[in-house]
Amino acid sequence: MRTLFIYPEFPKTFWSYEKILELINRKVLLPPLGLLTVAALLPQSWEMKLVDRNVREVRQEEWDWAELVVISGMIVQKADMATQIARAKSRGLPVAVGGPFASSTPDAPELEGADFKVLDEGEITLPLFVEALARGETSGRFTAGGEKPDVTGTPVPRFDLLELDAYSEMSVQFSRGCPFNCEFCDIIVLYGRKPRTKTPQQLVAELQCLYELGWRRSVFLVDDNFIGNKRNVKLLLPALRQWQIEHGYPFSFATEASVDLAADQELMDQMVECRFESVFLGIETPDAASLATARKLQNTRSSLEESVEKITATGLRVMAGFIIGFDGEQKGAGQRIVEFVNRTGIPHAMMGMLQALPNTAMWTRLEQEGRLIQDSDAAKGVNQTNLLNFEPTRPIRDIAEEYMEAFADLYEANAYIDRVYSYFLKLPPQRYKQIRRENPPSGPQASAERGISWVDLRALAIVVWRQGIRRDTRWRFWNSLFGMARHNPARFTGFISILAHNEHFLEYRGIVRREIEDQLALLPPDPPERARVPAEPVLVPN
Ligand code: SF4
């Protein structure tokens with residue numbers, strides 16, 4: 001079977017990083033790991049091609065070659081999913097869809113043209129799909145019926161199908177599921193609350209495959225909560241450390257984890273020794289009342305600021321997600337987030353207005369309360385510039401205004417340099433460098449660290465020109481550069497690279513304001529405020 005995998009296009013979001021990618025001459029941040037896994041789970045006798053629409057268009061000869069089209073995507077990709085289904089159908093090709101969007105809303109109008117809906121986790125439903133094809137069936141819907149597969153048999157994703165040079169990072173996955181119970185989260189709906197992990201050998205085999213394909217850049221562990229099963233993570237990390245030592249530490253890692261990572265020093269130490277360089281934390285808000293409303297109680301058990309400090313002091317750069325628009329939230333939530341980010345110095349703070357995702361506990365509650373706005377513009381996709389897709393308990397215009405102001409403050413060019421500088425002064429030298437010096441790699445496995453390329457030099461020249469000469473940031477830029485060289489030279493390169501990221505955020509500030517103002521202009525007057533409002537904002541103790 002000649003199978004064409006298509007990964008739909010993403011709209012421009014905070015995470016699309018166009019300006020950064022332009023600087024480093026890459027097209028996309030991360031590859032479509034789900035589709036690569038699907039390709040590995042299907043019969044390997046099938047011929048396969050993959051087109052990531054974020055990299056390029058599907059070529060005419062690829063449409064002509066295909067006998068089956070497989071499309072997978074997330075809710076933000078649904079518009080292009082519909083377009084690609086229509087294009088395949090117009091050529092008379094059978095289409096199978098799967099992935100998070102199809103699994104959570106299989107009857108969505110965007111998926112109407114698909115012949116096969118292969119839902120839930122592919123380890124269970126893909127064999128059912130293959131059997132149906134073998135019986136000559138031309139349509140069908142396959143679900144796991146609530147069953148969650150053991151992922152210890154999941155094969156190495158088909159990384160060989162990628163145009164590797166288009167990506168800034170590669171991704172691998174160790175676990176699925178998360179033990180927590182955040183009301184707005186769809187991960188626990190899709191993958192359950194009992195984290196299932198691969199074996200250390202499986203993950204190492206995936207890294208080995210990437211290494212043999214010539215990959216030498218970052219690898220993102222896309223687990224929604226990497227430390228959801230701490231016991232198994234602590235079995236993985238020694239194997240990962242050993243593999244890195246034997247190969248000369250060719251990869252740096254990043255991942256997502258819950259804030260309780262800060263309470264486990266041993267785990268953090270193991271991570272930095274494997275060359276984990278950054279970790280994304282879902283902090284959401286410093287308002288304890290909102291965290292309780294969102295059932296994110298794990299973020300209220302200890303001081304969020306101290307947790308960020310501990311993780312930073314271990315050598316992991318913290319990135320964090322923040323949300324505005326929780327029920328009962330008090331005026332000023334946006335500025336409280338800005339103050340928290342400035343106090344902790346977190347360089348990359350992603351902010352969004354709360355969205356109810358289909359089938360989550362929050363969605364069900366809001367549906368019962370009659371507060372969902374399902375036909376709103378916001379319901380058409382979920383990204384950082386969408387207004388809330390439900391009626392909040394305070395005026396939506398206040399929330400949107402606070403959001404725009406907070407985002408603008410966070411990425412104001414001078415404030416950004418100050419924050420990144422103060423943060424990088426706190427980061428200790430990377431521990432893996434010492435380990436590598438003590439254990440120099442030898443033999444065919446050895447790998448030289450990726451050197452500085454002309455693309456890096458060009459990117460540096462652009463950043464110096466824009467931030468150090470053209471803009472009014474020039475004084476801070478040079479001052480902080482000399483400061484880093486003097487006080488924390490081990491982190492100098494990383495510091496410049498994070499400064500470069502503001503080329504994206506600065507542009508995104510304008511997009512945020514424009515898109516939100518357009519949506520506000522179409523809104524009817526605000527309904528009266530709801531009554532369930534606590535008297536005072538409650539902050540997490542520090
Ligand atoms: S900690 Fe993160 S992944 Fe886990 S339930 Fe909460 S939001 Fe979802």
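Bear in mind the structure is a predicted one, so any value in this text is a computation, not a measurement. Just so you know, ligand 1 is whichever comes first in the structure, and atom 1 is the first atom listed for that ligand. Just so you know, these numbers use all the heavy atoms, side chains as well, and skip hydrogens, waters and symmetry mates.
- Salt bridge status for E369 with R365: present, with a side-chain N to carboxylate O gap under 4.0 Å.
- Taking the six-membered ring wherever Trp is involved, the centroid distance between the rings of Y423 and F495 does not fall below 6.0 Å.
- Of all protein N/O/S atoms, those lying under 2.8 Å from atom 6 (Fe) of ligand 1 come to 1.
- Taking the six-membered ring for Trp and the full ring otherwise, the centers of F407 and Y508 sit less than 6.0 Å from each other.
- Screening R196, R176, K198 against E123 for a salt bridge (charged side-chain N to carboxylate O under 4.0 Å, His left out) leaves a single residue, R176.
- No side-chain N or O of T152 forms a donor-acceptor pair with one of T199 less than 3.5 Å apart.
- Taking the side chain as every heavy atom from C-beta outward, F184 and L357 never approach each other to under 4.5 Å.
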